[in-house]
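Input: a single structure, listed below in structure tokens.
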Amino acid sequence: MRAPTAMLTTNPFDDDHLHEECGIFGVSGSEGAAALVALGLHALQHRGQEAAGITSFDGHDFHTRKAMGHVAGNFDSEAVIGALPGPVACGHVRYSTTGETALRNVQPLYAELASGGFAVAHNGNISNAMKLRRELIRRGSIFQSTSDTETIIHLVATSNYRTLLDRFIDALRQVEGAYALIVMTPEGMIACRDPLGIRPLVMGKLGETIIFASETVALDVVGAEFVRTVEPGELVIVQGTEMRSIRPFGPVAPRPCIFEWVYFSRPDSIVDDQSVYSVRKAIGQQLALEAPVEADLVIPVPDSGVPAAIGYAQESGIPFELGIIRSHYVGRTFIQPGDKVRHLGVKLKHNANRALIQGKRVVLIDDSIVRGTTSLKIVQMMREAGAAEVHMRIASPPTKHSCFYGVDTPERAKLLAATHDLGAMTDFIHADSLAFVTIDGLYKALGQQGRAQFRPGYCDACFTGDYPTTLTDHDDTGSVDQFAMLEERVA
């Protein structure tokens with residue numbers, strides 16, 4: 001629990017969205033690699049805003065800096081970057097998943113193994129980490145963090161295989177869940193994805209420099225050329241100027257996270273050869289076909305609802321307007337001493353365009369409904385601005401299930417769609433109508449005929465409950481033991 005005078009975020013809209021947990025970025029073969037990593041992490045800041053870290057290797061020693069907060073302010077000075085020398089570096093931005101928000105959990109995690117230094121940056125979540133952790137502790141492992149990522153380090157350290165690469169593969173064979181990893185050792189860099197490819201990872205080049213990133217937009221920012229996606233189950237090994245690829249796991253039909261196209265990725269990214277912006281527009285068009293309504297204006301909930309709202313407006317013929325204006329100058333923290341000030345804090349970041357809205361029937365477009373508190377506030381804002389009718393349209397199916405693959409979702413009992421039917425959800429947010437794009441409609445927006453019942457092309461467990469892997473550490477209520485015995489949450 002937070003104390004009443006704790007520093008709270010003033011982004012009440014964002015707080016009711018699903019959050020991608022991490023962004024990772026790695027550079028091999030460029031002097032001053034850490035500077036490129038810092039730029040790449042800036043472009044991935046939307047994937048994690050609680051903490052950031054960079055580890056570099058100068059050919060002899062590893063160097064690490066970690067900090068709570070944003071990349072800007074922590075990794076934008078010559079002194080900081082100068083303390084991270086070397087031609088190889090990787091970085092990480094995070095929200096907390098397993099383990100508390102504390103500096104000891106900020107990645108990259110680093111350890112000295114028998115073979116030398118080992119640094120790892122991880123996007124995803126290991127869904128059997130608690131079970132593995134207990135076994136490792138019984139065997140003598142001593143953990144320094146409450147992060148599931150550290151489990152991978154201990155599995156590598158205790159493996160009986162001879163080479164570091166074989167020990168790393170042995171570790172990956174023991175973990176369940178989702179991972180995109182960038183690993184640094186004295187031998188070089190390894191980038192890999194889980195066999196289902198749930199979490200994203202791409203590869204680029206800047207001259208002879210090899211770069212790995214969670215999204216293509218980070219390659220754009222540093223001026224790198226997008227080469228290809230790191231394939232599900234693939235390990236790309238970079239040693240000096242040499243690069244090779246291995247696929248140590250058996251072939252499995254991939255199931256990348258479908259929410260990358262709905263919300264997580266930046267709209268200017270390309271994911272699996274598809275423009276995120278174009279897919280989001282197509283979702284809006286599909287939503288207009290499935291859930292039409294007579295209205296005067298289509299209004300996006302900024303910023304994530306904008307592409308879908310454009311698509312909805314184009315398909316429906318209803319004018320697109322910016323009925324909610326977002327301030328881009330509000331910091332992430334603000335002292336909120338009471339309910340009245342907390343309520344006023346909502347308008348610090350978003351405010352209704354009253355002159356446009358008054359007397360109009362509006363269609364609000366957002367990417368998702370999680371707890372429903374955001375939608376309630378937005379609908380209330382529209383009514384206070386004089387809207388005659390407020391219709392809510394959501395560019396994803398109802399979120400009914402928790403994610404255990406690296407996305408910050410509440411336990412299932414706190415998901416509005418898990419406890420309310422459509423009518424009850426509509427009443428809860430005080431809208432005149434509410435509709436979601438269907439699961440088949442979402443797949444159609446991605447260029448498919450619909451969702452295949454037995455072999456769907458994406459991980460859509462948050463909508464369907466169809467989890468593509470075993471969930472060893474989790475019960476059927478959607479709760480998870482997140483190393484509770486080691487939690488040290490700030491009061």
For side chain to side chain donor-acceptor pair (under 3.5 Å), just list the numbers for Glu294 and His391, CA-CA rounded to whole Å, side-chain angles, deciding distance to a tenth of an Å, and then say yes or no.
CA-CA 9 Å; Glu294 291 188 6; His391 303 275; over 6 Å; no
Step-by-step side chain to side chain donor-acceptor pair (under 3.5 Å) determination, Arg393 to Ser433:
CA-CA 8 Å; Arg393 296 294 181 267; Ser433 73; 3.1 Å; yes
Give the C-alpha distance, both sets of side-chain angles, the deciding distance and a yes or no for side chain to side chain donor-acceptor pair (under 3.5 Å) between Asp148 and Thr151.
CA-CA 6 Å; Asp148 61 326; Thr151 305; over 6 Å; no
Check against side chain to side chain donor-acceptor pair (under 3.5 Å), Ser375 and Asp366
CA-CA 9 Å; Ser375 300; Asp366 204 356; 4.9 Å; no
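Arg255 and Pro456 get closest at one heavy-atom pair: CD-O, 2.9 Å. The two residues Leu289 and Pro292 come nearest to each other via the heavy atoms O-CD, 3.8 Å. Of all heavy-atom pairs between Ala121 and Gly91, the closest is CB-O, 4.0 Å. Annotation for Gly465 and His401: closest pair N-CD2, 3.2 Å, computed over non-hydrogen atoms.
A salt bridge is defined here as a Lys NZ or Arg NE, NH1 or NH2 lying under 4.0 Å from an Asp or Glu carboxylate O, and Arg266 with Glu260 fails to meet this definition. Taking a cutoff of 4.0 Å between a charged side-chain nitrogen and a carboxylate oxygen, Glu150 and Arg133 do not qualify as a salt bridge.
Partners of Glu234 according to the side-chain hydrogen bond (donor to acceptor under 3.5 Å, both in side chains) rule, which considers only residues two or more places apart in sequence or in another chain, are Arg228, Ser245. Taking Asp296 as the reference, Arg361 meet the salt bridge (Lys or Arg N to Asp or Glu O under 4.0 Å) condition, with sequence neighbours excluded. Applying the side-chain hydrogen bond (donor to acceptor under 3.5 Å, both in side chains) rule to Thr55 yields the partners Thr64; only residues at least two apart in sequence or on another chain are considered. Residues satisfying the salt bridge (Lys or Arg N to Asp or Glu O under 4.0 Å) criterion with Asp194, sequence neighbours excluded, are absent altogether. The side-chain hydrogen bond (donor to acceptor under 3.5 Å, both in side chains) check on Thr469 picks up Tyr405, with sequence neighbours excluded. In this structure, Asp427 has no side chain to side chain contact (heavy atoms under 4.5 Å, CB included) partners at least two apart in sequence or on a different chain.
Between the Thr216 side chain and the Ile270 main chain, a donor and an acceptor come within less than 3.5 Å of each other. Listed for the Thr209 side chain is no donor-acceptor partner under 3.5 Å among the backbone atoms of Val27. At distances below 3.5 Å, at least one donor-acceptor pair connects side-chain atoms of Ser275 with backbone N or O atoms of Ser278.
No side-chain N or O of Gln45 forms a donor-acceptor pair with one of Gln49 less than 3.5 Å apart. Checked by atom type, the side-chain pair His46/Glu215 shows a donor-acceptor distance below 3.5 Å. For the residue pair Glu208 / Thr241, no side-chain donor-acceptor distance below 3.5 Å is found, with atom types taken as modelled. Asn125 and Tyr179 form no side-chain donor-acceptor contact under 3.5 Å, judged by distance and modelled atom types alone. A donor-acceptor contact under 3.5 angstrom links the side chains of Asp170 and Ser159, judged on distance only.
Each of Val175, Leu155, Asp473 was checked for a side chain to side chain contact (heavy atoms under 4.5 Å, CB included) with Ile126, and the lone residue meeting it is Val175.
Ring centroid separation for the pair Phe404 and Tyr467 comes in under the 6.0 Å cut-off. When ring centroids are compared, Phe463 and Tyr458 stay outside the 6.0 Å threshold. Outside the 6.0 Å centre-distance limit, the rings of Phe168 and Tyr161 are not counted as a close aromatic pair.
Using a 4.5 Å heavy-atom threshold, the side chains of Thr470 and Asn128 count as separate. Looking only at side-chain heavy atoms (C-beta outward), His122 and Ile24 stay at 4.5 Å or farther from each other.
Heavy atoms from other residues, nucleotides or ligands lying under 6.0 Å from CG of Asn160 number 12 at most.
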